Novice: 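This is the structure, below, for whatever I ask next.
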Amino acid sequence: MSFGGEGEDAMRYWLMKSEPDVFSIQDLERKGREPWDGVRNYQARNFMRDDMRPGDGVLFYHSNAKPPGVAGLARVCSEAYPDPTAWDPKSPYYDPRSTPERPVWVMVDVEHVRTFPRLITREELAAAPALASMMVLRRGMRLSIQPVTQREFEEVCALVGS
DNA sequence: GCCAACGTTGGC
DNA sequence: GCCAACGTTGGC
């Protein structure tokens with residue numbers, strides 16, 4: 001941990017994957033705000049729990065789609081808190097190891113910011129030199145919540161207008 | 001639908 | 001603690 005150094009309070013940027021058949025940017029736009037439940041990967045959980053702050057920028061990525069790509073922008077609008085779907089036996093995200101007393105899984109709330117007028121496809125991202133080291137483009141990268149740099153975030157936004 | 005890459009599980 | 005087997009992710 002740093003000691004109040006520069007960057008401690010800086011806004012961070014993320015990419016969050018969602019399968020549009022399950023929950024799309026249009027769904028988020030309609031609802032305005034949504035709890036990002038169902039994350040069952042420790043690395044992704046730790047990002048939410050330890051590093052996400054309200055106000056952080058989010059690239060909303062449509063995965064498992066034809067084609068995949070960034071569909072719009074969202075914003076983190078809560079701190080991490082326990083994911084109740086983990087202790088609901090009827091939920092597809094049920095995990096009996098998690099209890100209200102000792103939650104294993106957490107989520108944040110995310111609010112809609114902008115639906116892009118067109119999808120910025122994975123192909124386009126891959127063709128942008130400034131995005132060469134973007135995590136989501138790495139082969140075999142399955143992590144559903146990924147940090148992105150401010151530069152990458154802004155570059156994706158810039159692609160919308162081009 | 002295929003399958004490579006990855007994370008998790010569980011036997012030992 | 002190792003690692004093979006398995007289930008899942010997700011691009012293609």
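Residue numbers begin at 1 in each chain, while the letters A, B, ... track the order of the sequences. Quantities reported herein were computed from a predicted structural model and do not represent experimental measurements. Keep in mind that the numbers below use all heavy atoms, side chains included, and drop hydrogens, waters and symmetry copies.
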Novice: Hey, does the side chain of Asn46(A) reach the backbone of Gln43(A) with a donor-acceptor pair shorter than 3.5 angstrom?
Specialist: no
Novice: Could Arg30(A) and Asp27(A) be called an ion pair, given the rule that one side-chain N must be under 4.0 Å from one carboxylate O?
Specialist: yes
Novice: For the residue pair Trp105(A) and Tyr81(A), is the inter-centroid distance of their aromatic rings smaller than 6.0 Å?
Specialist: no
Novice: Take nucleotides 5-12 of chain C nucleotide by nucleotide from the 5' end and write B, S or -, depending on whether a protein heavy atom sits under 4.0 Å from the base, only from the sugar-phosphate, or from neither.
Specialist: --BBBBBS
Novice: Quick one: do Asp51(A) and Arg12(A) make a salt bridge, cutoff under 4.0 Å?
Specialist: yes
Novice: Exactly one of Met107(A), Met48(A), Met16(A) should register a side-chain contact (heavy atoms from CB on, under 4.5 Å) with Val39(A). Which one does?
Specialist: Met48(A)
Novice: Which residue lies toward the 5' end of DNA chain B, Arg97(A) or Gly140(A), if each is placed at its nearest nucleotide?
Specialist: Gly140(A)
